[in-house]
Every structure is written in C-alpha cells, then in structure tokens.
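Below: the structure, in structure tokens.
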Amino acid sequence: MTDTEPYAIELKGISKAFGPVQANKDISLHVRKGAIHGIVGENGAGKSTLMSILYGFYKADAGEILINGQPTPIPDSQAAIRAGIGMVHQHFKLVENFTVVENVILGAEDGALLQPSITKARRILKELSDEYELHVDPDSVIEEISVGHQQRVEILKQLYRHADILILDEPTGVLTPAEADHLFRILNGLKEQGKTIILITHKLREIMEVTDTVSVMRRGEMTATVQTADTSPEELAELMVGRKVLLRVDKAPANPGEVVLDIKDLRANDDQKVERLKGISLQIRAGEILGIAGVAGNGQSELLEVLGGMIAATGGSIAVNGEQIDLTGTSSDGQSRRARGIAHVPEDRQREGLIMPFMAWENMGFGYHHDPKYQKNRLFMDNAALKQDTAEKMERFDVRPPNPFLEAKNFSGGNQQKIVVAREIERNPDLLLIGQPTRGVDIGAIEFIHKQIIALRDEGKAILLVSVELDEIMSLSDRIAVMFDGHIMGERLPSETDEGELGLLMAGVTKGAA
Amino acid sequence: MDKMPRWADVALIPFINLLLALVVSGLVVLYIGESPLEAMAIMVRGSVGSAYGWGYTLYYATNFIFTGLAVAVAFHARMFNIGGEGQAALGGLGVAVVCLSIPWPHWSLALIGAIVGAAAFGAAWAAIPAYLQAKRGSHIVITTIMFNFIASALLVYLLVNVFRVPGSMAPETARFAEATHLPNAYDVAPWLGFSRSTPLNVSFVVALLACIGVWLLIWKTRLGYEIRAYGHSQSAAVYAGINPVRIIMISMLISGGLSGMMAINGVMGEAERLVIDPVQGAGFVGIAVALMGRSHPIGVFLAALLFGMLYQGGAELEFEMPAVSREMLLVIQALVILFTGALDNMVRTPVERLFLAMRKGS
Amino acid sequence: MDFATLIQLLDSSIRLATPLLLACLAGLYSERAGIFDIGLEGKILISAFFSASIAFTTGNVWLGLLAGIASSMVFALLHGVASITFRGNQLISGVAINFLAAGMTVVVSDSWFSLGGRTPQLETSGRFQNITLPFAEQLQGVPILGPIYHDLISGHSILVYAAFLIVPLTWWLLYRTRFGLRLRAVGENPAAVDTAGISVVRMRFTAVLICGVLCGIAGAYLSTSLSAGFVREMSAGRGFIALAALIFAKWRPWYALMACLLFGLLDATGSLFQNIRLLGISVPVQFMQALPYILTVVILAGFVGKAIPPRAGGEPYVKER
Amino acid sequence: DLGGKFDRSFNEAAFNGAEQWAEETGGSYREIELQSDAQREQAMRRLAEAGANPVVMAGFSQASSLEVVAPDYPDTTFVIIDGVVDAPNVRSVIFSEHEGSYLVGMLAGLASETGTVGFVGGMDIPLISRFGCGYAQGVRAVNPDAVIIQNMTGTTPAAWNDPVRGGELTRAQVAQGADVVFAAAGGTGLGVLQTAEDEGILSIGVDSNQNYLHPGSVLTSMLKRVDVAVYDAFSTPVDEIETGIHIFGLAEDGVGYALDENNADLITEDMIAQVDAARAAIIAGEISVHNYTEDGMCPVE
Ligand SMILES: Nc1ncnc2c1ncn2[C@@H]1O[C@H](COP(=O)(O)OP(=O)(O)OP(=O)(O)O)[C@@H](O)[C@H]1O
Ligand SMILES: Nc1ncnc2c1ncn2[C@@H]1O[C@H](COP(=O)(O)OP(=O)(O)OP(=O)(O)O)[C@@H](O)[C@H]1O
Ligand SMILES: [Mg+2]
Ligand SMILES: [Mg+2]
C-alpha cells in the first residue's frame, strides 16, 4: 500500500456522553485499507461506544467520520452499511428463533416477496462459506447452533452486505482457543481480499498475533496508537491502566485442610429443561481455591446456581462440612445456603448481585436481611444498624464514593463489584462461591479483589472460583478444573499446565485425542 | 449520581402531568360547549366549598385510598392488579355476609368483623389470579380483568337468587341491622356542620390507618424489603433466596384485601346494604391514584383526595351543567393515567435535561 | 338439539366471532411487533361510536366505517406515541386508552345527540346489509348442505366475509413477505432489526396502525352491522377476550380463527340457551354469561400448553440504557 | 331508571310527561340521570336540598333508597313510579302491566300465523315477568295451543341497554318459528324491533308508543302511561298530591295498546273488536288477569 492512498477509516474528534458518563472524549483514529487494526482498553473504556458510533448505532455528540477519504456522515446503521461498514457486536444481534438465511437476508431483502431473496441468499452463502471456510447450515435455527457458529452467521451477514470494513467487538470472549484460531484464519483470509478489519479485544496475546496496528483506549480517551511489531504486552498493559501492572498475583502456597465442599455426580437443567450439568464431582478443601476454567455456557453458571440455591438439581449430592444439603424443594434456596455458611458472589452483579435502584446500605443487607443483627424486633428491620454496618464495610473495601445512600446504579462497575464482594466476604463464610469476580472491573480494582480472595483462603476458607479469563484462573487457583459441556474434562495444577493444554480441554479435546 | 433532585421526581413531575391532563380535559369541556373555567369553579366549590361537599369528597376519597393502596402494594412487587373492581365487589359481599349473618351488639365490633370479612373475600378473589401468575405465568393483567367480569356476574346471581328480599324487585340485600350502622361525620363531630345524612363515616379513619400500615409494611419490614427487591429485580430476588411465588401471593393477597376493605366504606358505611355494582369504578380509579401517588402512601392519600374532589365536583357539575355527563370523570381519569403513567417520559426527559444543564452550568 | 337449532347456533356464533376475530388479528400485528395492546377494547368502542354516528349523520355506512377506522387509528397512534416514542408502560397506556374510549364515547355522543350515551337508530342506508351469496335461494332446498349454505354461510354482512378473508391474508403477509419477516423480527429482537439498518420505530408504528385499522373495522361491525346504532360500553369486554384468544392461538393467524370461533360459540350458547339443565341441575344464566370470561382464565392458566409471547414483547426498545 | 333517558321507552315516557308539563306551564324542572344504583341517594338528596318539589322518581330500583331519604325531607313530596314506599310524603304509582300485556298478547296471538310468538324481557326481575305472564295469558286466550318463547336479556341493569343481545335473542326466536315478538326491555327492545324488521316479522313495543320506529313492522305497543303519571305529579299543586299507593290499570287508562296510522293496516277490525271486548271484560272484572308479582308464578307457560 502507498502513502498517497487515503485511509479506509478516519475518525476526527469523536465525543459521546451517556447522561453523566463521558464514554468517548475527542477521539481520533486512522486505519489503512487492508489492515487489521486492534483496539484494547479496560472495560468501560469506551471501545464499544466508539465502534457503535462508527456503525451508526449511536450518534456522536461531536466529531467527523471519513471513509476512504470521503467525509461520510453516519446517522444510522443504514448509512454505515451503505458506506460498506459491517459490525459484529459484542452481544450478537441475531433473531434467536429465525433460521440462518432469514437472519442473513433480514434488512437486505431484494424485493417485497421473500422467496427470491432466500434462494439467492442460499447460493451466496454457499459461495462465501467455501471461500472463507465459514460453514453453517443455512436452514438451522439460531438458538440451536453453537456460539461459534452464531458468530460465523454474524460475519456472513456482513459479507452478504458487501462490507469492506469489518468491525469485531470482543469476538473471542465466547470462543475456545481453537475456535479463536479458526476465526483469525478467517480474518487473515478477509484481509487478503483487501478488506479492512477493526478488532476489539482484552486479550493482548491475540493483538500481538493478528493485528498490524493497535490503539489503546482509557477512560474514554485514545491514549496511543502503535505498530504492533514495535510493542509488547507489558507496554500495552501499562498504556491501558496508566501505571505498571503486575499481571501475576503473588500468593503463598496453599495448605489445604479437610474437605469443605464435596459434590458427587451433580446434575441440573437450565430453565429450557436442557441438561447443563451432566454428572459433576468435585471436592474443595479448607484453605484452597479451586478454579473452574471453561468457555462461557458449558455449565459453570449452572454449577454456581445450584450451589447457591438459585436452581434445583436433578440428581447427585452436595455435602458441606460433611452435612448433606438438600437440592430441591422449598427448603433449597439462597437463604438455606447462607445458613450453611455458603457465601455467593454471582456472575452478574447488575442482574443478580445488586438491586440497582436500591441504595448501597439496602444492598449491603441483600440476602442477609433475615440476619438477627439487622432486626429491631420480630416485626421491623433495624435499618440504622444496617447503615452503620455498610459505612464500615465501604470504608474497608474502599468503595468509591463511600456513600451508603448512593443508589447502586450510580456506582461504577468496579465499585459495584466491590460492594458485592465486601458483602459476601465480610460474612466470613466457610465456602465462598465467586463467579467472574473481575468482569467489567478495572485493573486497580482487580488487584484489590484478588488480594481479598487470597486473604480469605489464607484464613482457611474454601473458595470456588469460576472465570472465563484464563489468566485469572491461572493466577488465583490452587487447583484448576476444566468444564466442557456439563462435564469436568480434567483437573490440573497451575504449576503443571499451560494455556495451550487448558485450551484443548476447554474445547473438549482430551490429551489422547489431541 | 441522580439525574435530578428528589422533589422534582416526586412532586414537580406529577404536578406537570396532572396539569397537562386537566388542560386536555378542559379542551374537551370546551368542545362540548361549556366554559372549562366555570366548570372548574363549580367542581371546586361543589367539592370543598361546603361541609356537604367535603362530606362526599372525603367519602369518595376513602374509597380511593383503599383501592389506591391496593394497586400500590401490588406495584411494588411489579404486579399490575387491575382486579380492584372485582375484589372490592367481593369485599362488599364479605361485608354483607358478616353484617347480615351475625347479630352484632355494637358497631365497633361489627366494623372489626366487617373489615375481616371484606379483606378475606377481597383477598380470596385476588388469590386465584395471583396463583395463576405465580405458578403458571398467566398474565395477571388479563386474568384480573376477567375476574372483574366474573365477579359482577357472581354478585348479580347472589343478589338475585340468594340475598334479594322476597317481594322486592331490586336485586339488593336487606338493610343491615341498626346496630351495624357506622357513625358518620355528623354523629362524630356535629359541630363541623356536616348534615345528618353525610356519607363520610369512620371508615375514613380506617383508611388513614391503612396508609400508615402500608408505609410500615413496605419500608420497615422484611416482607416489604423482599417485596420491593422482587419488584425491582426478580433474578436478584432468586439469588437472595426470596421465594417469588410467596412474594406474588402475599403481595396480591394484601392488595386484594385492601381493595375489599373499600366495601366497609361504601357498603357498610353509606348504602348500609349491598346493591349491584357497589364499587362504581373505584377499583379503576385506584390505578390512577397509585400512579399519581408514585405508589407511596402519602402520595396515594393526596391523589385519592384529588380524585375525591373530582368525583364529588363531577356530581355537582353534572347537576349544574346538564351538558356535561358523568363520563367526563372517566375522561379526566383516563387522561391522568395516560399522562402520569404512560406519557411520563414526555415530561421527565426534558425536565432531566433541564436539571442536567443547570448542574453543568453551575 | 335439532339440526335447525344447530345451524342457528353456529350462525349466531359466526356473527359474534367476527368482532373477536378482527380484534384478535389486530392484536396479532401489534404484539408480533413487540407492542402489547390491552387497549383493543377501547379502540373497538371508539370506532363503534364514530362509525355509528357518522353513518347516521351522513346516511352512508361506508363513510361511517372510514370514520370508525380513523378514530381507532388515532387511539392506536396515541398508544404508539406513548409506548414507542416515549417508551411508556404499554399496559398502563392500554388501560388509559380503554377508559378514554369509555368516557369519550358517552361525553361526545351526549353533546351530539343527547340520547344518554347512545346514537340514534340507524336506517337501512346507515347499516351494512346482509348479502345473500349467489344460488343461496335455489340451493336452500338441498338437504343438509342447502341450509348450511343458505343459513350459515350466506346472509352475513360484507364485514364478516372481510374478517374471514383477512386471516389467510395475514398468514401470507407474516410468513411470505419482507414486511412479515421484519415485523416478526422486530418483535423478537429489535436490536437485530436496528443493526440491520431497519427503523424499529417505523416498523412498530406501522404494526400499531394496522392494529388500529382492524379494531376500527371490528367496532364498525358492532354498531353498524350487528346492531343498528351505538350504545355505551357496547364492546362489552370483547377486546379482552380477543387478547385471550390471541394467547390461546399463540400469536398465529389460523389458530386465531379457531380460538375466536370457539369464543363466538360460547357467547352464542350463553344467550341462546339461557336456562339449560346439566344432569338435572339447571345452570344459572349468570354462569352462562360469565362462561367466556371463565374460559379465558382457564386458557390463560396454560391448560392448553405454554404460550411463549414474542420475546421483545412489552418492553420498549432502548438503545441507550 | 337505568337504561338511559331516551330509551324510546320507559324513561323517555317519564321525560315526555315532564316536558309536556314544562311547555304548558312554563315551569322548570331539574333532572338527574343515574348510571349506578349507589348514586341514587346522593341524587335524591341533591334534588331535595335544592328545594325541588315534588321529586319524581321513575324506576322500581329507587324504592329502597327512597325509604331512607324520604323521612329526612318531610316537607318534600316524592313520587315513585313502579315502586312502593310506605311513607307519609311518598306517592307510589303502580301500573298493572299484566293487563296491558294481556291485550297485546291477544293481538300477538291473533296476528301470528305460525302459532309461535316470542317475548324478550329486559332485566330478569319479577316486574318484567309480570309483563311476560300477562302477555302469555293473552296469547293463550285467543290461541290455546300457541307456543310462547320467553327470554330475558340479562340479570344486570346492563340488560336494559343491550340491543346486540336483544337482536340475537330475537333471531333465535325467529329461528324457532316465532313471527311476533314482544319486547319489554327498555333500550334493548330497540335491537329487538330492529331485528324483527330485518327478519320480516312483527314486533310489539313497550311503555311509550313505539309504532313509529318501524312502521309496518311494529304490530302495536303496550302503552304504560308513565308520562301521564309524571304529568299529574307535576301539574297538581304539591300540597294536593295525595300520597299512598295508586294503581294505574286499564280502567284508569294507565295501560293499553297503541293504535295509530303506523300500524293501522296491521290490525284488522275483527282484532280490535276482540281486544276491546276483553278490555271491557277485564275492567268489569269478568276476566281476571293473573298478576305474577302476587305469587311469583304464572298459570300459563
Ligand atoms: N447505552 C449506554 N447507556 C449509558 N451508558 C453507557 C451505555 N453504553 C456504555 N455506557 C457507558 O459508557 C462507558 C463506555 O462503555 P463501553 O461499552 O464503550 O465500554 P467498553 O470499552 O466497550 O467496555 P467493555 O470492554 O466492557 O465492552 C461505560 O462507562 C459504560 O457504563
Ligand atoms: N448505566 C449507567 N447509568 C448511570 N450512570 C452510569 C451508568 N454507567 C456508568 N455510569 C456512571 O459513570 C461512571 C463510570 O461508570 P463505568 O461503568 O464506565 O465505570 P468504569 O469506567 O467501567 O469503571 P470500572 O472499571 O470501575 O467499571 C460511574 O461512576 C457511574 O456513576
Ligand atoms: Mg464493549
Ligand atoms: Mg465498567
């Protein structure tokens, strides 16, 4: 490519605010034609927002967009599509109960009648899938195919619309390492065809692997743009957070006591009655952290929910400190679990861990509102005591701002998480269930939360850690169990394994087969 | 941080909504060829201009406090209980049964009995839709509406075939015994100038107590805490071990009970017998009242007072301005629901922007 | 029950099912697009009033029909503005619309006709006449089929035939056209539609307006065909029953037809056999009259299998949380 | 009464009576239309307080409210139509509808060719049964083996105001062979008469003279001179209104059947002769028409 050739994409001074949140501040960006450009940044840094603006999903408050050198106003997605921009969103935008073809032609139909478009789409899908090894059955229904395939459908959708510029927002978050590699092959294929690609990801490894250039975003601002060849993961991490980060947690070796949690052949269904746990057996001892690795949607969530009393089990048994706990019926709920000394930091703080419109102090009692120390008498709650308690805990976990009367929705993601963690850890439970402890949390807060978890372990408590972030699993766990399709594929010691092996297990490939 | 100060949310916005509703209603009055201002004057004079007016205003307000609280409690659990009409009718049945079947020695005892009867029947009528919602996910809005129709059919059947006084043609029960008659404002405070026949009676006090009770329930008890939590986020409630079925049932039972208690005012306090349609749409007014009152007892009380004025004022209006028919009330009521309920954002968003701008400015 | 009575019963069922069917299909369009509408009742009522009064004043039933449709569309628009533009609560908006219709019809009719909330009786020209299908007379003699054709199939007003034709039309529109695909999509996942470059708002408004048109026809049928004029509260809960039928039909056109016919049959039975005796005990007439409502609850209770509404139904589409 | 003013029937008759008086004397009167039972008391008090005198209440369902209200306003005179209230300041006016119905029943029986006639009542209450029973007796009197189909529209006040249902009931009766239908159902009757015309059969109106509604289709109307009663109440000076129970029967011309140009060619001389004979006989007491409300049952089915 020559320097005279105009940039495929050029953003000038883009700004966007959501009410009080300044998601993007005066952002500029250049991407050459036929390049793969990476964008990294913490959660909430403003990556998705920026891309959504480029795709016309949100309207920028200020700024200008140039496509192939031409100033191109993009008021809506229609305009973006016309400008040859296609986007694969962080959360897929597919109609679950439609077939693949229906999803592909939606919005790109040729006429008022469907039939012609469908036949045409079938033909083109065939061609595309041969060209880029994007194989999916055109007539299968979305909700019945794997996430990986759903993502292919998203990509096909864009290609079907002749997109020359392809934006992928955290495409690998839901993929196994193998699937991710396949994706990158596809991306390189597209690059060969002269298409321009923007890749948003948290995983520096991927950036180093596939991108030509990379930009770093922080707190809504574009802090740097560099040639991938000239940089290193450490440098990128520092650019992201603004200070040196130790990507590893330092912790003393565990000295496990006797068994606290003993799970035998546990089975459970999700609300669609699909079996998600197909016979799980695990043990966790006092003073150790068992990390569950796995691609999202392989049963980890259900495992936490059964243990936390949120859903009933269909078979198997769970013993805590040697006592069986019942897994079905009315006496099996969050309350009964808490009574057994089980604390639970749920995977989704906004939908489960917190009541967004409740104030911090109300949330601090959430789940423990029957606790005698929060009761004035048999009839009324002792709100004063709860507020007092909350103030102290916010102090100790330096939640910012430390204001018990602020509504949960007005705390940042990381601080919301701190409130939940504070609530659960301060119960000083025998067993802590903790899911995605640092999802949507900035690295500062991550360090803090990790320290708390280790501290609890060192007090001789048992901890079950579920995370999709392999690094987190590797750095925190004393033992690692890998889940795939409702089964435990195997247990490893962090010291004796690596991401490659775990990746294979996560993909359901056992050593023998590999 | 919040988008705007609390007072704006609880006072300013409802006020603007109400204003809009009244303006549009005024246009309707104008259309049918009467002067809105005059109409307004008549309504105000007729409702709060005399002891006579106050008697009826507060009497209607009492009904609306009960039904408004009922809707409000359900709202806190994200239940939309449109069944107030039927539940109150059944409440009336409860009152009638209690008053007719037991020879009460004194009204105070009768009142307690009637409260129990009314609440029990009302709650029972709410129980079935609640159960269907909780267990089978049947849409409570539609089921409660259906139960309104069923209730009226049931009531008619009973009034025609069971309770009707032999010989009389009107489908209504016999008058309740003298002993069960609740003292009205005249008996309690004659010096206030209420006429002997004023309908305002001690049920008003019961309504005020109900307000306080609901306030304590929702904001001071564990149950209230769980109801609100469930209302805001069902997934979180499950995480916390709050049993959805239990919350749905309890909140709907309380709601139905409150609706039912409306009957002690209308059936026991005023008509002193059960007639067809003892509710007169008060169940529906409750929706508007709860919406305007932001589901808070104090708000409900004020909104109920407002609608009491509307109803009494409306009766006068109908009398003074034959061109204006009673359904004008229905129109106003509908507009209030529309503006405070459905079109809330139309007012809220600009107001929020305003406050945001002011904050940025300062 | 002899053959003649049976025909009579079915005939009456068809008449009574027609408004339900129209309303049910109306709801189908709206809810398939993700806008719940318990305001069907109100739209039927307002249209019943306007079509009757315009038909009376102009003496032309077609003008009446247009007026009815127009009024119903205005209310539909109101619902749209509330629930689409301002993202209000769709249930509350529906409730408000029902009250508004109940009040407006009486207030306005009083000031126009001062007939205590009723319109004057419509003369022949102001009503839809029952049309006799070709050969109905000739074939009447033929045993069984004759009466079925003559008494049951023939001799309804044009609106009845229109309603029954709209069923296949709707099916075709929904499953065979671009419009249908987008309509279903916007009710399932508006974000997908939006990112595909289609305006969610426009799709939803279109659906809501179609809903208005169909409710309008339903109302006109009530006041200018089934009867000869408007009386207060004439919709009598049909809007809600139509909703139940819609759920019963799991938002599918052909099933909607079946469901509505069932409810029509119930209604007819209720008024024709007032004092029927079952196993010796006579069923009270009130029970017969409450039967449709009771059955509605039974159906909603899911004793007919779980009905999954359109996934995005009831929630306003919000890009920026 | 419920069912709305201008139901072309009962309430309208009352209204006309008042109008007539107002026109003749130039006096003014106030009216309140009631939608729900529970407002009655407030309405009565409102009128009494406003100094209206006399206060006329049309409708049986006002009785129980009046029982309470009347004593509170001893110097106001109340007139209740279709109801009995035993109070010194109340005049209760009762019509013997069974007698009037008997006559139209005879006409129905004579006019019917199929030998099957129908009756559509409004709200299912004894008062309406009184119509139905008298009607049935009249039919049988001229045609002993006539079939009489009786339906009530409903059991709520809404039954006074449901033309759709009225129409359906009529169609049903037609299907069962009825060719004359008597509607004693207030506003609902309008649907009955309408359908009768659509179906090309005869109908009988009630209370007011409804012959003009569908000339050539309405056989006759069972007149109930509510207007006369109201007119009397207004025109006699208040202090002279005699309270107590007053029965308006055939003798008093309180009830009867309507004969005018609209139905002239539906009713033959012979029919008139027979009916008038019966009329005379009833007045003379030779024929006694059973009154349903006396024992709640009817001799003929
Ligand atoms: N629709 C929205 N409404 C309100 N605030 C929003 C919205 N979308 C994003 N934000 C806020 O804007 C900021 C940037 O969000 P954005 O999703 O762009 O971050 P991100 O870099 O994509 O994070 P992640 O890595 O989790 O995707 C965050 O503070 C977020 O809370
Ligand atoms: N949806 C929202 N509604 C209201 N306020 C919000 C919303 N999202 C973010 N905010 C506000 O914006 C601020 C930044 O939120 P955001 O979630 O972007 O933080 P963040 O950058 O992700 O930090 P963290 O890493 O702690 O999550 C928060 O303090 C919060 O007050
Ligand atoms: Mg993002
Ligand atoms: Mg965040």
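Keep in mind that what you see is a predicted model, and the values were worked out from it rather than measured. Side-chain atoms are counted along with the backbone in the values below, which use heavy atoms only and exclude waters and symmetry mates. Here is how names work: the chains are called A, B, and so on, in the same order as the sequence lines, proteins then strands, and each is numbered from 1.
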### Query
Do other residues, nucleotides or ligands put more than 12 heavy atoms under 6.0 Å from the OH atom of B:Y131?
no

### Query
Near B:M346 CE, under 6.0 Å, is it more than 12 heavy atoms from other residues, nucleotides or ligands?
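Yes - once you tally the heavy atoms of other residues, nucleotides and ligands closer than 6.0 Å, there are more than 12.
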
Identify the heavy atoms of [X] and [Y] that sit nearest to each other, and give their distance.
| X | Y | answer |
| --- | --- | --- |
| B:M328 | C:V107 | N-CG2, 3.5 Å |
| B:A334 | C:L100 | CB-N, 3.2 Å |
| C:S111 | B:Y31 | OG-CE2, 4.4 Å |
| C:F86 | B:N345 | O-ND2, 2.7 Å |
| B:S138 | C:A301 | OG-CA, 3.4 Å |
| C:I241 | B:M146 | N-CE, 4.0 Å |

### Query
Hey, would you say the B:F284 and C:F99 ring centroids sit under 6.0 Å apart?
yes

### Task
Might you work through the side chain to side chain contact (heavy atoms under 4.5 Å, CB included) test for B:E327 and C:R232, ending with a clear yes or no?
CA-CA 10 Å; B:E327 274 69 13; C:R232 67 175 58 186; 3.2 Å; yes

### Task
Might you work through the side chain to side chain contact (heavy atoms under 4.5 Å, CB included) test for B:I145 and C:Y293, ending with a clear yes or no?
CA-CA 9 Å; B:I145 290 173; C:Y293 308 120; over 6 Å; no

### Query
Which residues satisfy the side chain to side chain contact (heavy atoms under 4.5 Å, CB included) test with B:L306, sequence neighbours excluded?
B:L18, B:M292

### Query
Of all the residues in residues 42-51 of chain C, which have a heavy atom that comes within less than 4.5 Å of a heavy atom in chain B?
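If one takes a 4.5 Å heavy-atom cut-off, no residue of residues 42-51 of chain C lies near chain B.
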
### Message
Please evaluate residues C:V108 and B:V28 with respect to the criterion side chain to side chain contact (heavy atoms under 4.5 Å, CB included), reporting the C-alpha separation (whole Å), side-chain torsions for both, the decisive distance (0.1 Å), and the verdict.
### Response
CA-CA 9 Å; C:V108 176; B:V28 177; 5.9 Å; no

### Query
Can you check side chain to side chain contact (heavy atoms under 4.5 Å, CB included) on B:L338 and C:L78, steps first, answer last?
CA-CA 10 Å; B:L338 190 66; C:L78 190 60; 3.8 Å; yes

#### Entry: Region of C:I38 that comes under 4.5 Å of a non-hydrogen atom in chain B
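Only the side chain of C:I38 comes within 4.5 Å of chain B.
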
### Task
Taking the side chain as every heavy atom from C-beta outward, state whether C:T296 and B:T143 have any atom pair closer than 4.5 Å.
no

### Query
Of all of B:I332, B:I337, B:T349, which one pairs up most often with chain C through heavy atoms under 4.5 Å apart?
B:I337

